[in-house]
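So that the names make sense, note that chain A is the first sequence line, chain B the second, and so on, each numbered from 1.
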2 protein chains.
Amino acid sequence: MSTLSTYPRPAVAVDLAILTVTGAGGADPELRILVQHRSDPDGIALPGAFLRERTTVAQTADMVLESKVRIAPDVTAGPRLLRLFDDPARDDRTWAVSAAHSLPLHEADLAGARGELVPVTADGQLEGVDKLLFDHAAIVAAAIADVRERYEIRQRYAGVGPDPDHFLPEPFTLHQLRRVHEAVLSEELHKDNFARRMKPHVEPVYDDDGEVLLSTALRGRPAALYRRAQ
Amino acid sequence: MSTLSTYPRPAVAVDLAILTVTGAGGADPELRILVQHRSDPDGIALPGAFLRERTTVAQTADMVLESKVRIAPDVTAGPRLLRLFDDPARDDRTWAVSAAHSLPLHEADLAGARGELVPVTADGQLEGVDKLLFDHAAIVAAAIADVRERYEIRQRYAGVGPDPDHFLPEPFTLHQLRRVHEAVLSEELHKDNFARRMKPHVEPVYDDDGEVLLSTALRGRPAALYRRAQ
DNA sequence: GGAATAGTGTCTTTCAGACACTATCTG
DNA sequence: CAGATAGTGTCTGAAAGACACTATTCC
């Protein structure tokens, strides 16, 4: 402890698995992850950066978004730590530890982002991406498992309520909400059971006359609009 | 990236919330956490150390156990990452990031350990400990929440089977197993429901004659002995 | 037999899964 | 009205919670 500063220190990378649901509210929402092409080691990778002098993980994540992804999102929830990668040989260039995070963002915040939003397959792979650099494939797998766990709608023992990462803008119909959960889980849900489970966690949106706002349906009966409770 | 080595790097600490259940198998098992007295900044703290040149978290944890706790445990499961503490001002001495881990160990492995095993209260505090150094109180709270979640026995949606951290040596009776879970959760469980949930995850232990081994009861009917299934 | 502990049968409640029906819109 | 989508009533089965009973040991 007394010789604290004399020992070599690792570079600490913050790698981000940026998740979004594209087309939320529309016909075919899809869970996607942002990957970028790198040339330093040549290949596909997640965006990331090293912690600079006296900065935090959150600040570093902001810096990555700004300078590498070129977006300025309205971050609702901060990056979620998934795991540490600490194999001393994982990066040829230097001793580097990676703190792997997931970062769920609105699709709207990703407009103009550098990189590509790649759809996630049912078994947790990235569609059409063979290989990611470093241990980024493991980060992607962990991020998908993490978000799917949180979108489980077994209210009693799991689940954190409707669309915890706010992929879907308010107000929304129960149908739209279900489509988003289905996109994340890659699993079909029964509309009746889904509605019963979600009802306690959403509230209807009213207009000036105290009437429940309805969606303007293209066909069929218009659906009631809701927002997250409280 | 090209100037990788020119930037200052943080010291990376591995702090360990070492958990055990004392008296597992006995009358009054208790969930406890190891704390140590420090004089550098004076106070009570969790054991920990900084990552040294090209070592891993696991190696650093082993080093902490050897040189600071003075034990050589038979580690069943590695340290579990709880969270990162990255406030640049959290340590006066230098820029240090802490990777907070929990490490569940057998009570037997902690014989002769430096420090004190402090009981955990029902609300997740340490009994009789006012204040911990740095952010170690938050680490303790996270470690307790983590182990309690894993000892929940709602098999369908949570739970990782009987006594996932192996606090209780085999073979054991269902009564002993339940007492250990109760000690971790700080909550009483019904013996009948507990037995039904655990039965699929344990198997009886047989003697040479193919008879089910029984505990030698002090009073009452002897209980069957089990071990974890498979 | 009595005390003590082990182990099981079963009733009730809750809730997910599934099916079918009714309701309300457009053209 | 037909077609389409929204929303609900209700049956079933699985499992947790709770209670009570039976079983086996030592004294």
Side-chain angles (χ1 to χ4, degrees), chain A residues 25-29 148-149 151-159 161-162 168 171-182 185 187-207 211-227, chain B residues 25-29 149 151-162 168 171-182 185 187-207 211-227:
Chain A
D28 190 28
R148 285 193 172 153
E149 190 173 332
Y151 273 72
E152 270 295 329
I153 36 88
R154 326 269 152 111
Q155 298 293 348
R156 196 152 147 215
Y157 302 129
L168 183 62
F172 47 77
T173 68
L174 289 178
H175 181 84
Q176 291 172 321
L177 182 61
R178 180 165 56 88
R179 300 283 301 187
V180 168
H181 277 261
E182 289 176 342
L185 297 174
E187 182 186 336
E188 299 215 337
L189 301 170
H190 285 249
K191 71 163 181 174
D192 44 7
N193 302 322
F194 184 83
R196 259 184 318 189
R197 285 191 296 258
M198 284 305 169
K199 280 278 180 71
H201 302 285
V202 295
E203 56 191 26
V205 179
Y206 299 95
D207 65 11
E211 296 294 310
V212 173
L213 264 180
L214 299 178
S215 67
T216 56
L218 295 173
R219 292 186 300 279
R221 174 176 170 179
L225 289 167
Y226 296 88
R227 61 182 182 192
Chain B
D28 190 28
E149 190 174 330
Y151 273 72
E152 269 296 329
I153 35 89
R154 324 269 152 110
Q155 298 291 348
R156 198 151 145 216
Y157 302 130
V160 205
L168 183 63
F172 47 78
T173 68
L174 289 178
H175 180 84
Q176 292 173 320
L177 181 61
R178 180 165 54 89
R179 299 284 301 185
V180 167
H181 277 260
E182 288 176 342
L185 297 174
E187 182 187 337
E188 298 215 336
L189 301 170
H190 284 250
K191 72 164 181 173
D192 44 7
N193 302 323
F194 184 83
R196 260 184 317 187
R197 284 192 296 261
M198 285 305 168
K199 279 279 181 70
H201 302 285
V202 296
E203 55 190 28
V205 179
Y206 298 96
D207 65 11
E211 296 295 310
V212 173
L213 264 181
L214 299 179
S215 67
T216 55
L218 296 173
R219 290 187 301 279
R221 174 176 170 180
L225 289 168
Y226 295 88
R227 61 183 182 192

Write out the stems for DNA chain C, ordered by first number and formatted as range with range, counting runs of at least 3 consecutive Watson-Crick or G-U wobble pairs under 3.5 Å. C:1-27 with D:1-27
Can you give me the N/O atom pairs linking the protein to nucleotides 1-3 of chain D at distances under 3.5 Å, or say none if there are none?
none

In whole angstroms, how far is the P atom of dA6(C) from the CG atom of L177(B)? 13 Å
Report the distance from atom CZ of R178(B) to atom P of dG17(D), rounded to the nearest whole Å. 14 Å
L174(B) and K199(B): side chain to side chain contact (heavy atoms under 4.5 Å, CB included), yes or no, with the steps? CA-CA 9 Å; L174(B) 289 178; K199(B) 279 279 181 70; 3.8 Å; yes
Got a list of protein N/O to nucleotides 8-10 of chain C N/O distances below 3.5 Å?
unit_1	atom_1	unit_2	atom_2	d
dT8(C)	OP2	K199(B)	NZ	2.7
dT10(C)	O4	R196(B)	NH1	3.1

Minimum heavy-atom separation for P162(A) and L177(A), please, with both atom names. CB-CD2, 3.7 Å
Sequence neighbours left out, what passes side chain to side chain contact (heavy atoms under 4.5 Å, CB included) with P204(A)? Give chain and number order. Y206(A), V212(A), Y226(A)
Just N and O in the side chain of H175(B): are any of them under 4.0 Å from OP1 or OP2 of dT5(C)? no
Could I get the full list of side chain to side chain contact (heavy atoms under 4.5 Å, CB included) partners for R196(B), not counting sequence neighbours? N193(B)
Could you check whether any side-chain heavy atom of V180(B) comes within less than 4.5 Å of a side-chain heavy atom of Q176(B), counting everything from C-beta outward? no
Hey, which of H190(B), K191(B), M198(B) is the one that makes side chain to side chain contact (heavy atoms under 4.5 Å, CB included) with F194(B)? M198(B)
Could you state the CZ-P distance from F194(B) to dA18(D), rounded to the nearest angstrom? 16 Å
Non-hydrogen atoms of E182(B) and L189(B) that approach each other most closely: OE2-N, 2.9 Å
Test of understanding: with side chain to side chain contact (heavy atoms under 4.5 Å, CB included), list the residues that count as partners of D28(A), not counting sequence neighbours. R179(A)
Report the distance from atom CG of L225(A) to atom P of dC25(C), rounded to the nearest whole Å. 14 Å
Min side-chain heavy-atom separation H175(B)-R178(B) under 4.5 Å: yes
Spacing between L174(B) atom CG and dT5(C) atom C1', to the nearest angstrom: 13 Å
Under 4.0 Å: is that the gap between some side-chain N or O of H190(A) and OP1 or OP2 of dA18(C)? yes
